[in-house]
Amino acid sequence: MALLEVEHLTVSLPTSDGWVHPVDDVSFTVSRGEILSIVGESGCGKSTTALAVMRLLAENVRIAGQIRLDGADLLQLSEAEMCALRGNRISMIFQEPMTALNPVKTIGFQIMEPLLVHTSMSRTEAREKAIDLLARVGIDQPARRINAYPHQLSGGQRQRIVIAMALACEPDLIVADEPTTALDTTVQRQILDLLLRLVSETSIALMLITHNLAVVSEVADRVMVMYGGRITETGPTSDVLAHPIHPYTKGLIGALPRADLPPGERLVPIAGVVPRLVDMPSGCALADRCPAVIDACRRARPAERMIRPAHQAACIRA
Amino acid sequence: MIGAQTGRFAKIRYRLGASWLSLWLGGFITLCLFATAILSYFWTPHSVARMNMRARLQAPSLDHLLGTDHFGRDILSLLMIGSQSALKIGIVAVAIGLVLGVLLGLAATARGGWFEELAMRASDLLFAFPVVLLAIMLAATFGPGSVTSMIAIGVHNIPIFARLTRGGAKSILAREFVMASRVAGRSSSYIAALHVLPNVLNILVVQATISFAIAILADAALGYLGLGTQPPTPTWGRMLKDAQSFLSQSPYLAIFPGLAIAFTVLGLNLFGDALRDLLDPRSSQGR
Amino acid sequence: MLAQFTNKLIGFVLTMLAAAVLVFVVLEVLPGDPALVMLGPDAQPDTLAALREQLGLNQPVVFRFLSWIAGMLWGDFGISYAYNVPVLGLVADRLAVTLPLALMAILITVVLALGLGVFAAANSQRLRGQLVMAFTQFGIAIPSFWFGLLLILLFAIHLGWFPAGGFPEWSKDPIASLHALVLPACALALVQAAILTRVTRSALLEVLHEDFVRTARAKGLTRREVLWRHALQNALVPIATVMGLQFASLVAGTIVIENVFALPGLGRLIFLAVEQRDLVVVRVIVVLLVGMVILMNYLVDIAYLFIDPRLRTRRA
């Protein structure tokens, strides 16, 4: 049994034009020690999927389906039970290290907090552990830095703090939402290496959300491509990147910066823009942008089909 | 997040809906107040010029809807006439603060340098003087009265208007069209008057409404202390002072003038807050 | 941080000096002849001359100002004309009423406003949150002295739980003294709390949109824990600013409320001094009260440094 099993997850939110579905019937699994990467353009539903797993979406949002952690459905838990899980068994790393930390509390306070909330540790023990964690995520002079405030640290260091917070209670699952996007390229590299090292040292399952296929190719075991709130293609990373099936995946790969092109010249994956949630097509979500579209694409929503072993795609033309 | 965002839009729309309601409600109350004040110049249910000791301290009745005071005067009529001085003092006090404050704010931005620093420090200093203290100082030297009240409240209003004008002027002077007219050789005060005033008008109107409400509250307090408008002119604050002596016999004497003040202020505040929300939805949630 | 303290201290002293000049000008220079103001137009020439001599009015203005300031620094506040006793003693007695009253009012205000403000922010989308906001609208619109009258009407006249006014001395019965301050403090606190509740709520709502709030939730904190432990301190800068500004209206309110409840405090004293044209006393109390307001605002300035670590490193 996989650690996290998401089945038919649908997130609905009310607008003046009726209910829309930023995440629409999405199913996937993540096992211990595995890195699953969720990829797509912004607005494709990947961040919403992450927040749905954490159950941190706004109150007026409806979540349907099942999100099972070790077999127990998170959606059936009370808010109090969910609070006991968050930061303890599932934790989250955010995109913006500059704003993800509370500016008026020391980083020590913020790292110790999950320990004090979820374990029976005393303050002194929690402090010791926080210093260990700082050292583990590669902060120099951890015993001194523990009293620093976020504004005294660089962006990369702050992201390390956020990771230390996420690691504090030795969680089973970490949800990382674009953890390197806001950082410089060299720092990105370091943070990715850190995440990789942590996953291999422990048996943490990592759900890595990114729009950057280069990141995916380096770290992910499996990749899941999303578009318009739906899964378009899933499979082992090497297989998907080498033999993409879905036209959208092909587009994303085609847009990767390549050695033979001048740097900075990034191609648009596919012409056109992501449709707005309120006018999502009834058939394939990509229909209006797809180079290979036929009439049948617009008629019904394509089902996910196994094309190669462990490699699925939702395209009728595959 | 998507959820949070749509939530926020929904809230703005909801709040603007509520704002229209406050605007109408506040506007209506304010309008009633002005109508009452004007009406009282021509007609009141009873004359309040003469005392009628036989009818003193009566409870509300059909003849005297809100009862009578210790001189036998009709409370409703007194309240109606009281609205005259409340409005008069409010208007004059806001006018003093508005005119002097805007001039000070414009002059400070136009001249800049040490003058600006000094002007703003001075207006900060005025902030530290509560209205009642200003009125007390004036009353101690020049004697109490409506003029004391107007000047004290008016002077107290200067800093806020100066600050708002300067704040608005600063951001507008930095904009391109103003740069253009500066390059074209226009003088600072010309620019200030031509470009800044129309742009800060919104904020000033909103603040004037709120200051009007505060002025009425302050005048009531001064009237209660006997520092404001002197008898025989009836004022709401004075009526409350007189009512305190009869609190156990005739509690309604203390109820109605207070309600008159509270409703007036409530109406003006609702109107001002709604105006602010509608003119500038970004400046969000109340004060 | 030390440099910031000294800078602020210099600012405080200069502002105090400017305030003293302003008070002196209004009460000593503008009237022309303060002795005439104090004695009235019917005064005998020789009485006038005597008072001028006593007040030192024959000296040049600048000298008078400087000796007044110097005197106050040495604890010599002058002699009250109406009571013919040193002003210092008068003021000290009255402070024993005004200061506890103000402190009690601040305490009630802060507890009420933070509680209601956090509640209203936590329930901003629900009816109960909106109800709190509606109540604050009324709180702002009600004059504090009228609310004081209503409190007397209900709790003193009808229920008899509290005295309608007056103040037993602290030395005789401290409990009764404290008891006598409850209603006035509540009357003062209502308006202040209404305004501060609104500020607390909107400052919190602003903070609740910040990313770190979501981080805190992701750590497993409940909404309530996030509000009190993470959001409130971040919202505290605007709250403290407004509290500083409110202190001026609290001082003004004290003057009025002491008269409503016949409390022998500074407000009552200055009010009587105005009636008796005792300019010496008026002058001292005005400077004292304004000084308290200015001091409060500088304390708030310093409080910022403790609330927000980012301000500690910034140059003042």
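Chain letters run A, B, ... following the sequence lines, proteins first, then strands; residues in each count from 1.
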Honestly, the part of C:V282 sitting under 4.5 Å from a heavy atom of chain B is side chain
Rounding to 0.5 Å, atoms CD1 (C:I294) and CZ (B:F127) come to a distance of 13.0 Å
Whatever's closer than 4.5 Å to a heavy atom in chain B on C:L250 counts as neither
Greatest number of non-hydrogen atom pairs under 4.5 angstrom with chain C, of B:D124, B:L126, B:L225, B:L270, falls to B:L225
Honestly, the part of B:L227 sitting under 4.5 Å from a heavy atom of chain C is side chain
Scored by heavy-atom pairs under 4.5 Å with chain C, the best of B:G267, B:A122, B:A128 is B:A128
Heavy atoms of C:A248 and B:P130 approach each other most closely as O-CG, 3.2 Å
If one checks every heavy atom of C:V23 against chain B at 4.5 Å, the contacting part turns out to be both
message = Please determine whether the number of non-hydrogen atoms from other residues, nucleotides or ligands lying under 6.0 Å from atom CZ of B:F115 exceeds 12.
response = yes
Heavy-atom nearest pair, B:I255 first then C:W146, reads O-CZ2, 3.3 Å
On a heavy-atom basis, the closest approach of C:V256 and B:A221 is CG2-CB, 4.2 Å
The interface call for B:A213 against chain C, heavy-atom contacts under 4.5 Å, is neither
Item to complete: Given side chain to side chain contact (heavy atoms under 4.5 Å, CB included), test B:D273 with C:Q137 step by step and report yes or no.
Response: CA-CA 10 Å; B:D273 282 353; C:Q137 274 289 6; 3.2 Å; yes
Turns out that what part of B:L222 lies under 4.5 Å from chain C's heavy atoms comes down to neither
| If we only count heavy atoms from C-beta on, is the C:F271 to B:I136 side-chain gap below 4.5 Å? | no
Distance col, row C:I255:CD1 vs B:L133:CG, nearest 0.5 angstrom, shows 4.0 Å
If you tally heavy-atom pairs under 4.5 Å between each of C:L14, C:I142, C:L149 and chain B, the highest tally belongs to C:L149
Residues at least two apart in sequence or cross-chain that pass side-chain contact (heavy atoms from CB on, under 4.5 Å) with C:L279, listed by chain then number, are B:A140, C:L27, C:P34, C:V37, C:M38
Counting heavy-atom pairs under 4.5 Å with chain B, the top scorer among C:V293, C:L22, C:V260, C:N259 is C:V260
